[in-house]
Amino acid sequence: APTPTPVTPSGASRSPLTLHEAYAAAEGAAELGSGVFGSVVKVRHRRTGTERACKRIPVETWQAAELVRLEVSMLKNLDHVCLLRLYEVFYEDEAVSLVTELCQGGSLAE
């Protein structure tokens with residue numbers, strides 16, 4: 001099956017750096033959450049020190065790649081103060097990492 005063409009969100013950048021060159025694990029950071037499609041950790045931008053969230057999604061099949069493509073496509077169209085902001089997308093060999101705004105204050109279930 002064909003591999004979908006990567007989508008770079010408008011307002012977000014596809015960095016020439018790797019995820020590990022641009023971001024480090026935030027001090028004292030633990031996994032913020034995980035689910036069926038991936039896990040989220042707190043990261044710190046190496047140059048600015050800004051803390052953000054990084055969702056790493058394994059892409060092992062073309063179906064998984066299509067789901068990630070759909071998520072990135074939806075996130076690129078969300079630009080509102082009350083919605084999660086996507087900053088960067090890192091495409092790796094077997095995963096895609098989405099760097100987003102860090103939302104603190106608990107889960108939506110609380």
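If you read the sequence from its start, that first residue is 1, and numbering goes on from there.
Grouping the Ile, Leu, Val, Met, Phe, Trp and Tyr side chains by contacts below 4.5 angstrom, directly or via other members, places Trp62 apart from Leu70.
Across every non-hydrogen atom of His45 and Glu88, the tightest pair is CD2-OE1, 4.4 Å. Shown here for Ala53 and Val43, the closest heavy-atom pair between the two residues is C-CG2, 4.5 Å. Between Leu32 and Lys42 the shortest heavy-atom distance is CD1-N, 3.8 Å. A pairwise comparison of heavy atoms in Arg56 and Pro58 identifies O-CD, 3.7 Å as the closest pair. Closest heavy-atom contact between Val99 and Leu86: O-CD1, 3.5 Å.
Side chain to side chain, Arg52 and Tyr87 fail the donor-acceptor criterion of an N or O pair below 3.5 Å.
Although no hydrogens or angles enter the test, the distance criterion places a donor-acceptor pair under 3.5 Å between the side chain of Glu101 and the main chain of Arg85.
Applying the 6.0 Å contact sphere to CD of Glu94 captures no more than 12 heavy atoms from other residues, nucleotides or ligands.
The shortest side-chain heavy-atom distance between Ile57 and Glu71 falls under the 4.5 Å cut-off. The side-chain heavy atoms of Val40 and Thr100, taken from C-beta on, include no pair separated by under 4.5 Å.
Between atom OH of residue Tyr23 and atom CG of residue Leu17 there is a gap of 9.5 Å, rounded to the nearest 0.5 Å. Rounded to the nearest 0.5 angstrom, Lys55 NZ and Leu75 CG are separated by 8.0 Å. Here Tyr91 contributes atom OH and Leu98 contributes atom CG; the two are 8.0 Å apart, rounded to the nearest 0.5 Å.
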